[in-house]
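Each remark here refers to the structure printed beneath this line.
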Amino acid sequence: MRARFAVLNVALAVLFVLTATSAAWAKADDLPDMNGSISIPWSDFKALIEKMHPVDPTPPPPPPVDYALGRGNLIGELADERLALTATYPLTILKDGWVSVPLSSTSAPLAEIRLDGKPAPAVDNGGNIAIVVQGPATHELTMEFEINAPMRPGPGQAATPLPQAAGQVLRLTYGDKISGVTVDGATMRKGNGVATAILTNDYLTVRYNVALDEAAETAEKLPPKVLVDNHTLVSLDEGFIRAVVQMSYEVRHAPVNTFEVTVPAGFEVVECTGASLAGWAVDPSTRRLTATVGYDVEGAYNLTIVLEKSVRNEDFDFSLPALKAENVERERGFFAVQVTGGVEVTPTKIIDLQPVDAKELPPGLRGGATNPIVLSYKYLRHPFTGEIKVVRHETQPVLGAAIDTANYIVQITQDGDAVVGATYKVRNNRKQFLEVRLPNAETAKLWSSFVAGKPVKPSRAKDGAILLQLEKSSYTGGDELESFDVEIIYYTRFGKKLSGLGRIPIEMPVVDLPISESFMTVYSPDDYDYRRAGGTMRSLMPQKGWQIFPILQGFVQLATCGGLQPLGESLDQGGVSMPASKSAMEEPMAEMAADAVRSYGREGYARQQKVEEEFQNRLRAAQSVQDQSGALPAKFTIPEQGRAMRFDEWLTIGEASTVILRYGPKNFDTLAGGVGFLLSMIGAFLLTLRLRRSWNWSDPAARRPIALAGVASVVGILLAHSTAGAELAFFAGLLVRWGGRIRRRKSVPAAQPIVEEEDL
């Protein structure tokens, strides 16, 4: 009850304040004059409180990351065959809820993970060690590593992956026997057995050298026993011989700190490298190289020596560089000889060297070769002899660029003008310019040029050729060069105005690169029929002969003045128009399109169609670009109707792709074919009638010319859509008829007069 009265009193107080505030603006007679208390529901009172203290309904944005691992402090100690490392990081969890924090690879030698001094819950998250933490919160993450660090005399290293943090600082302490402490990729400061390193990556690699124990030095030792494997790669380069010798030593019983080898005469030592190598020198009189190591070597040690010898002659003889290791118990080795292009090597004298297959060479020797290995040997002891004869042949330049495909689009008008678009798909390794020579140089005018889709400014050579700056092809992941497009559009004239009967010689530009395959599409006025009459390119849409009922179809063609489908496709608004339904007369057109797809291949046909679609846009854009003088090129009217003819050619080198078209009025071939058909039929009828009246049908000599006349008539019928077929049939009939008359005259006896019947 008391709580209820307290709430009521607070409500009355708030109401009193509101009433007093509003009274300043209200008139006295607007409010009732009353004394006492007022009761309001809790929901109304809560609404008043929320109105006095509004809450922003927009939630804060989520954090950009789930967690943040701050700068780490690493404390390490290098001793007792191990590197003990303690790493501490500030960890901030920004996300509300559980977060998985990856720390390091599962291969890391982690001894313990603590979070705020307590063991942290660690899990294996896809090959990484991770801890699961609930946020938002701030923690201190501690990780302890136990890293293997060999302490035998000589060079050693200790390595481990670390968490990805915002920087890490290592403080490393080590004993007196350890020297040369370095940390890969770190900025370091060393002194008094302490090294401080600022790491630049999340992988710690500590390298060091361990000195020989004094107790081991004073103990009685056996004399050292040294074994060596010698792997020599000889390279025959331009003007010198280069030999890379990899000497793999194995030191037993007692350590050594110097290695001696005898260098063969004529070769110069240009490089000698090895781990902690203090220096090397060659005695000119004895040809002995002495390499000094900065510590006593016991166990394995690798020494690499590079020899070179200058060669002035193109053809020469030389001996394999027999580099001999001194003071060793045993030496064996391999030789491999690699050559560049145009070099021929022949062994002339081989003693105590055993030829081996290149596959039997050690992997390190075989993998170091960058050119083909032509000779390979192995030996078991010194001395041995290997004399080689070298003949250097003249090298020929190789093709530095090539054109995979050339796609040509030719637009011809009634006036004989033409605009040509040429697109070359180029692979270029080192060629600087593509040289293009336009046909009809007197009338040809370049309108635009593009390389890899970008407009370029062409240059002109002294001999008149157009030079286009090429790009260098990039590689497609392997050794294959990626191709790019080089496009040009130019104006020219192929001949005089089209009228009556005539021919159109079409010639494409000549480029200074070989072209694997070329495709051409010719758009020409639809008022004429066209036939290919020559050129280097073949037609992809051949004219079709009659399929069924040739006699009836020939009469229908003649009566209706309709033409057989000529070379090409009918165009409407720049595209190929195909009727919705195909009749018997329209079937050849569909078959021609199918032939084009089969000849091109689907990929080539689709690429050519794409070039045809882009040609019109490129052409209009070329006519809207000003030249250096500010003038626009002449406007070229693109025919809205025309005929498309397609051609192709394989392997064009240094010559122009050409097509010669013959044209004539529409239906000209049909009329000529019909006349030829009628002449053939009349000639065959007259001939048959003549033979029937003159010869005996049972005589074999009479049946042969009759059969020949029949064959000639059939040929004339089948080929009647061309004037050549009609003429062939007609003249064959006349020849058979005249031959029959001559034969009949010779068969009559000389004493009897020859009586000829009247010709019908």
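- The stretch residues 183-194 participates, sequence neighbours left out, in these salt bridge (Lys or Arg N to Asp or Glu O under 4.0 Å) pairs: D184-R207.
- Here the shortest heavy-atom pairing between I129 and S105 reads CD1-O, 3.9 Å.
- Rounded to the nearest 0.5 Å, atoms CG (L74) and CG (L172) are 10.0 Å apart.
- The shortest non-hydrogen separation linking V210 to P150 is CG2-O, 4.3 Å.
- Note: T160 OG1 to F145 CZ = 5.0 Å, rounded to the nearest 0.5 Å.
- Between N209 and I178, every side-chain heavy-atom pair lies at or beyond the 4.5 Å cut-off.
- No donor-acceptor pair closer than 3.5 Å links the side chain of T187 to the backbone N or O of I198.
- What you find for L110 and M143 is that their closest heavy atoms are CD2-CE, 3.5 Å.
- Closest heavy-atom contact between P163 and L69: CB-CD2, 3.7 Å.
- Proximity of V181 to V206: side-chain heavy atoms (C-beta onward) are separated by under 4.5 Å at one or more points.
- Between the S276 side chain and the G294 main chain, no donor and acceptor come within less than 3.5 Å of each other.
- Not one N or O on the side chain of Q168 forms a donor-acceptor pair closer than 3.5 Å with the backbone of A197.
- Separating the CD1 atom in I305 from the CD atom in Q246 is a distance of 11.0 Å, to the nearest 0.5 Å.
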**Request:** Would you check, one step at a time, whether the test side chain to side chain contact (heavy atoms under 4.5 Å, CB included) holds for V486 with L470?
**Result:** CA-CA 8 Å; V486 176; L470 294 178; 3.8 Å; yes

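- For the pair L141/T88, no side-chain contact is recorded, criterion being any heavy-atom separation below 4.5 Å from C-beta on.
- A donor-acceptor pair is defined here as one N or O able to donate and one able to accept, closer than 3.5 Å; no such pair exists between the side chain of K95 and the backbone of G97.
- The backbone N or O of M151 sits less than 3.5 Å from a side-chain atom of E81, completing a donor-acceptor pair.
- In terms of modelled atom types and a separation under 3.5 Å, the side chain of D80 and the main chain of R82 share no donor-acceptor contact.
- Distance alone, capped at 3.5 Å, places no donor-acceptor pair between the N128 side chain and the P102 backbone.
- Between L365 and T232, the closest side-chain pair of non-hydrogen atoms is not below 4.5 Å.
- Side chain of R242 to main chain of E308: no donor-acceptor pair is present (N/O by atom type, distance under 3.5 Å, no hydrogens or angles).
- Rounded to the nearest 0.5 Å, atoms CZ (F334) and CG (L233) are 14.0 Å apart.
- Side-chain N/O atoms of E487 and Y424 include no donor and acceptor closer than 3.5 Å.
- D404 approaches S483 most closely through the heavy-atom pair OD2-CB, 4.1 Å.
- Between the side chain of Q338 and the main chain of T370, a donor-acceptor pair closer than 3.5 Å is present.
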**M247/T304 under side chain to side chain contact (heavy atoms under 4.5 Å, CB included): CA gap, chis, key distance, verdict** = CA-CA 6 Å; M247 307 191 70; T304 302; over 6 Å; no

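- L78 is not listed as a side-chain neighbour of T173, based on a closest heavy-atom distance of 4.5 Å or more.
- Using a distance-only test at 3.5 Å, with no hydrogens or angles considered, a donor-acceptor pair links the side chain of S473 to the main chain of N428.
- Between L83 and A149 the shortest heavy-atom distance is N-CB, 4.0 Å.
- In this structure, I515 CD1 and T405 OG1 are separated by 9.0 Å, a value rounded to the nearest 0.5 Å.
- At a threshold of 4.0 Å, the pair E471-K454 counts as salt-bridged, since one of the basic side-chain nitrogens sits closer than that to a carboxylate oxygen.
- Ring to ring, Y249 and F259 are close: their centroids are under 6.0 angstrom apart.
- Looking at heavy atoms from C-beta onward, V451 lies in side-chain contact with F484 at the 4.5 angstrom threshold.
- A heavy-atom distance below 4.5 Å is found between the side chains of Q469 and Q432.
- A salt bridge between E144 and R114 is present, with a side-chain N of the basic residue lying under 4.0 Å from a carboxylate O of the acidic one.
- Within the 4.5 Å cutoff, no side-chain heavy atoms of H231 are placed close to those of V245.
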**Prompt:** Where do L199 and V183 land on the side chain to side chain contact (heavy atoms under 4.5 Å, CB included) test, with the steps shown first?
**Reply:** CA-CA 8 Å; L199 307 183; V183 179; 3.6 Å; yes

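- More than 12 heavy atoms of other residues, nucleotides or ligands shown are found within 6.0 angstrom of CG on D124.
- How far CD of E271 is from CH2 of W280: 8.5 Å, rounded to the nearest 0.5 Å.
- At most 12 non-hydrogen atoms from other residues, nucleotides or ligands lie less than 6.0 angstrom from CZ of R171.
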**Request:** Would you check, one step at a time, whether the test side chain to side chain contact (heavy atoms under 4.5 Å, CB included) holds for L91 with Y67?
**Result:** CA-CA 7 Å; L91 175 62; Y67 66 92; 4.3 Å; yes

